[in-house]
Amino acid sequence: MSKKPIVLALLVLVWLLTRLGQLPIKLVYYLALFLYTTYLKIISLPKFFIPKKSSFNYPKKPAKLNTIYFNQPISKEELKPKTHHPSLGWRLTLGLIRKKKRGRPRTQPYISYAGKKVKRYSNRFLPSPLRVGLALIFITGVLFAYSYFLINIAHNLPSPERLNDLAEPLTSNFYDRHGNLIYRLYEGRNRSLVKLNDLPDSLKKATIAIEDKHFYEHPGVDFFAIMRAVISDAQQREVQGGSTITQQLIKNTLLTPERTFDRKIKEVLLAYWTERLFNKDQILQMYFNEAPYGGTAWGIEAASETYFNKKAHDLDLAESAFLAGLPASPTEYSPFGAHPELAKQRQRQVLDRMTEDNYISKSQADLAFSEDLNFNSPNTFIKAPHFVMYIRSILAQKYGEKVVSQGGLQVYTTIDLDAQAMAEKVVSEEVEKLAPLRVSNGAAMITDSKSGEILAMVGSKDYFDKDVGNFNVTLAPRQPGSSIKPITYATGFKQGYSPGTILLDTPTVFKNEWETYAPVNYDGKFHGPVTIRTALGSSFNVPAVKMLALVGVPNMIATAKDLGITTFTDPNRYGLSLTLGGGEVRLIDMMSAYGTFSQMGMKHTAQGVLKVVDSAGQVLEDNQNDPGERVLSPGVAYLITNILTDNAARSLAFGPNSLLLIPGHTVAVKTGTTDNKRDNWTFGYTPEYVVGVWVGNNNNEPMDPQLTSGITGAAPIWNKIMTNLLLDKPDLAFDYFH
């Protein structure tokens, strides 16, 4: 096929689109050039066809068919073609090459042959008017798609030439529920441009390895990476990104972070356009100067100074690997964020990728990973820091890192600074008292029972403590001990059991195909026949396991998910020990579960944002009138609350005057301690407040065996926080008809 008609058609296309005025002439030119180069690539590929003249050496038929001929064996050599062609005996089907199984050799390309087949059958079965109609429909569809593309996607595309002339950032402000400023997130002047040649080689290799291994090979879009990401997502494996460094540069600078098909198309077009305007090194340099590295650190130079107090050209391999992994999710991987342990995991992932791409050896990767990273302490005005970092993480997932840190958002949160300050003080003082019991940290939350709004979030005893501070335990999966038991009994009440149902608290061995389980009680004793009221109130283990055996683990997990537990993802992982805390939960999820009991089955998920307003005054979200969701019948919730407020029911285990009792107030409360003393909990609620407390060690080391649930550990902290909240307030009864 001649190239001249193709060139002429492309020139006409360029002229037509330019005349329409819908697309910038440079973009049209580059699109046309891309189509033309793609065509040249295709016609340069080997032709998959069979030679026109058959080269098979068939044996000549004798004059007379006799038995001698048919009995004469034919060698394989006689059946081989005289000349070998690289495509002989192969065909092209839907882009896949496969061996032609049988039949005589075809003398034309397979695609052309298939087209003629389609035409023959359409002429045979479709009358002429119908063929014309289908053709008109097809042409109309193409024109509609083209018009839609011009109007909705390509129209007013920003030019990549603007990459060197970007808008100034705006400050985002965070407020408490009363309008008091608690945090200002801004970029300010914390950006220093760097040249690519001044950056260490390890940083460039780490960034390319983790973000775009084919950066120097693709034209701006890596279609193989996109296909790999789609396949990985379809197979429900880890979520993989398919965006190139060029696409990320476009997304961070010229486009909004919205996840829509239209934006993705714009991103692809602009990435290809950018590759025509700038060379690879220029694009990589712009990426390093514009990538988000968390907080006010935009660009690698600001990031290096923020995290390590050094210039970017002085970064070593370990520091380079850490910083290279940040732009994918700066808030999630931040060492100052809600999950600082993820920063180290991300560094390991970057080093592994560098090893796979042969940038470094395995020993170099291990040595870099073992290096201690000395981070600067965050020196920023901030109140309720664990809460602020949690909210910032949520908003970054919704709107993108750049919108949150540079978009001028006004974020009105649910936090109550008075309650927050009180809770921080109590946790800090009480954890210090628990030091002899090998307790190094504590956490607490307060939520509004009626709305689920977070009034206080204390993720650790001191956010600025270098050892345990910025780790937010309220978001971390930990084993709940007996505090999960109310969910088991709620499942039983849904199936018809009642607080008066008798369960035998006797030695029992449970066996199934994967475990033999013999639970024991906290006090090491067995109490014979007991009612569910006494079993739950005094937190006996054996009856709880029997209850779970009766209702079934899948049903209990279903109830837990309804109540807000998000960590029970695989029912096959758990056995009967689940009711004693054998599965990890998050404190913030347990707050939703206990809050649901307090509201007679209406769930209000714990949430920390009241309203978000952008720089133009547009309300992006408003959560102030959340109606909640009915997930449990009022009768079931009433039974759980009635038992947990019954001081007599828990007196057998905790005594009549334990720290679980708030004099003058009706309070439902439940404790929990894991068998190995790694986690100790107390949850309690009134019609107005839900309070949850945890104590333990971040590294999961066991506490002193003398720590007693309901007497030491979390209970004193819970008692002081709840007492302060209810001070000078009247006793309120639960609304059983909610």
Please enumerate all residues that pass side-chain contact (heavy atoms from CB on, under 4.5 Å) together with Leu434, with sequence neighbours excluded. Leu437, Val439, Val695

Answer whether the closest heavy-atom distance between the side chains of Ile484 and Leu578 falls below 4.5 Å. no

Among Ile717, Val427, Asn441, Thr682, side chain to side chain contact (heavy atoms under 4.5 Å, CB included) partner for Trp694: Asn441

In terms of heavy-atom contacts, Thr447 and Ala606 come closest through CG2-CB, 4.5 Å

Taking Arg573 first and then Glu584, would you say they form a salt bridge - that is, a charged N and a carboxylate O separated by under 4.0 Å? yes

Just grab all the salt bridge (charged side-chain N to carboxylate O under 4.0 Å, His left out) pairs involving residues 610-625, residues at least two apart or on different chains. Lys398-Glu621

Any residue meeting side-chain contact (heavy atoms from CB on, under 4.5 Å) with Ile360, in chain and number order, not counting sequence neighbours: Leu317, Leu351, Met354, Thr355, Gln364, Ala365

Closest contact, heavy atoms only, Met591 versus Val690: CE-O, 3.2 Å

Which residues pass the salt bridge (Lys or Arg N to Asp or Glu O under 4.0 Å) test with Asp366, sequence neighbours left out? Arg348, Lys362

Which is it for Lys344 and Gln347 under the side-chain hydrogen bond (donor to acceptor under 3.5 Å, both in side chains) test, yes or no, and what are the steps along the way? CA-CA 5 Å; Lys344 199 65 177 176; Gln347 184 200 33; 3.0 Å; yes

Where Ser483 and Tyr594 come nearest, the two heavy atoms and their spacing: O-OH, 2.6 Å

Evaluate whether atom NZ of Lys195 has more than 12 neighbouring non-hydrogen atoms of other residues, nucleotides or ligands under 6.0 angstrom away. no

Take Val458 and Phe387 through the test side-chain contact (heavy atoms from CB on, under 4.5 Å) and record every step on the way to the result. CA-CA 7 Å; Val458 184; Phe387 174 78; over 6 Å; no

Flag side-chain contact, heavy atom, 4.5 Å: Val585 against Asp589: no

Donor-acceptor under 3.5 Å (Ser615 side chain, Gly408 main chain): no

Could you go step by step and tell me if Gln349 and Gln345 meet the side-chain hydrogen bond (donor to acceptor under 3.5 Å, both in side chains) rule? CA-CA 6 Å; Gln349 186 180 9; Gln345 296 177 16; over 6 Å; no

Quick check: Phe308 with Phe322 (ring centres under 6.0 Å apart)? yes

Could you tell me whether the side chain of Leu409 reaches within less than 4.5 Å of the side chain of Leu620, counting heavy atoms only? yes

Salt bridge or not for Glu424 and Lys461, using N-O below 4.0 Å? no

What's the shortest heavy-atom distance between Ser334 and Ala343, and which atoms? C-CB, 4.5 Å

Checking Glu701 now: which residues fulfil salt bridge (Lys or Arg N to Asp or Glu O under 4.0 Å) with it, not counting sequence neighbours? none

Which pair of non-hydrogen atoms, one from Gly713 and one from Leu707, has the smallest distance, and what is that distance? CA-CD1, 4.0 Å

With sequence neighbours excluded, what pairs up with Pro200 under the side-chain contact (heavy atoms from CB on, under 4.5 Å) test? Ser202, Leu203, Leu315, Ser320

Does any part of the side chain of Ile245, heavy atoms only, come nearer than 4.5 Å to the side chain of Phe288, both counted from C-beta? no

Salt-bridge present (Glu332, Arg346; N to O < 4.0 Å): no

By the definition side chain to side chain contact (heavy atoms under 4.5 Å, CB included), identify the one residue from Thr414, Leu181, Ile415 that meets it with Asp176. Ile415

Would you list the pairs meeting salt bridge (charged side-chain N to carboxylate O under 4.0 Å, His left out) in which at least one residue belongs to residues 670-682, sequence neighbours left out? Arg478-Asp679

Hey, is the main chain of Val609 close enough, under 3.5 Å, to the side chain of Asn623 for a donor-acceptor pair? yes

Checking Gln410 now: which residues fulfil side-chain contact (heavy atoms from CB on, under 4.5 Å) with it, not counting sequence neighbours? Asn173, Tyr175, Tyr412, Val613

Do Tyr685 and Val667 come within less than 4.5 Å of each other through their side chains, counting heavy atoms only? no

Listed by chain and number, what are the ring pair (Phe, Tyr, Trp, His ring centres under 6.0 Å) partners of Tyr333, not counting sequence neighbours? none

Is there a side-chain contact between Gln285 and Val194 in this structure, where contact means two heavy atoms from C-beta onward sitting under 4.5 Å apart? no

Derivation of the side-chain contact (heavy atoms from CB on, under 4.5 Å) call for Ile588 and Ile454: CA-CA 9 Å; Ile588 191 172; Ile454 300 172; 4.2 Å; yes

Among all residues two or more places apart in sequence or in another chain, which pass the salt bridge (Lys or Arg N to Asp or Glu O under 4.0 Å) test with Lys425? Glu429

Decide side-chain contact (heavy atoms from CB on, under 4.5 Å) for Leu373 and Glu319; before the verdict, give the C-alpha distance in whole Å, the side-chain angles of both, and the deciding distance to 0.1 Å. CA-CA 7 Å; Leu373 298 177; Glu319 295 163 341; 4.0 Å; yes

Would you check if Ile446 and Met422 make a side-chain contact, meaning some heavy-atom pair closer than 4.5 Å? yes

I would like to know whether Ser539 and Ser482 meet side-chain hydrogen bond (donor to acceptor under 3.5 Å, both in side chains); could you show each step before the answer? CA-CA 7 Å; Ser539 197; Ser482 295; 3.3 Å; yes

Relative to the ring of Phe683, is the ring of Trp681 parallel (under 30°), tilted (30 to 60°) or perpendicular (over 60°)? parallel

Sequence neighbours excluded, which residues qualify as salt bridge (Lys or Arg N to Asp or Glu O under 4.0 Å) partners of Lys720? Glu430

Quick check: closest heavy atoms across Leu610 and Glu453, and the distance to 0.1 Å? CD2-OE2, 3.5 Å

So, do Thr712 and Gln706 sit near enough that their side-chain heavy atoms are less than 4.5 Å apart? no

Test side-chain contact (heavy atoms from CB on, under 4.5 Å) on Thr413 and Arg177; report intermediate values, then the result. CA-CA 6 Å; Thr413 71; Arg177 65 188 303 109; over 6 Å; no

Ring pair (Phe, Tyr, Trp, His ring centres under 6.0 Å) partners of Phe568, counting only residues at least two apart: Tyr574

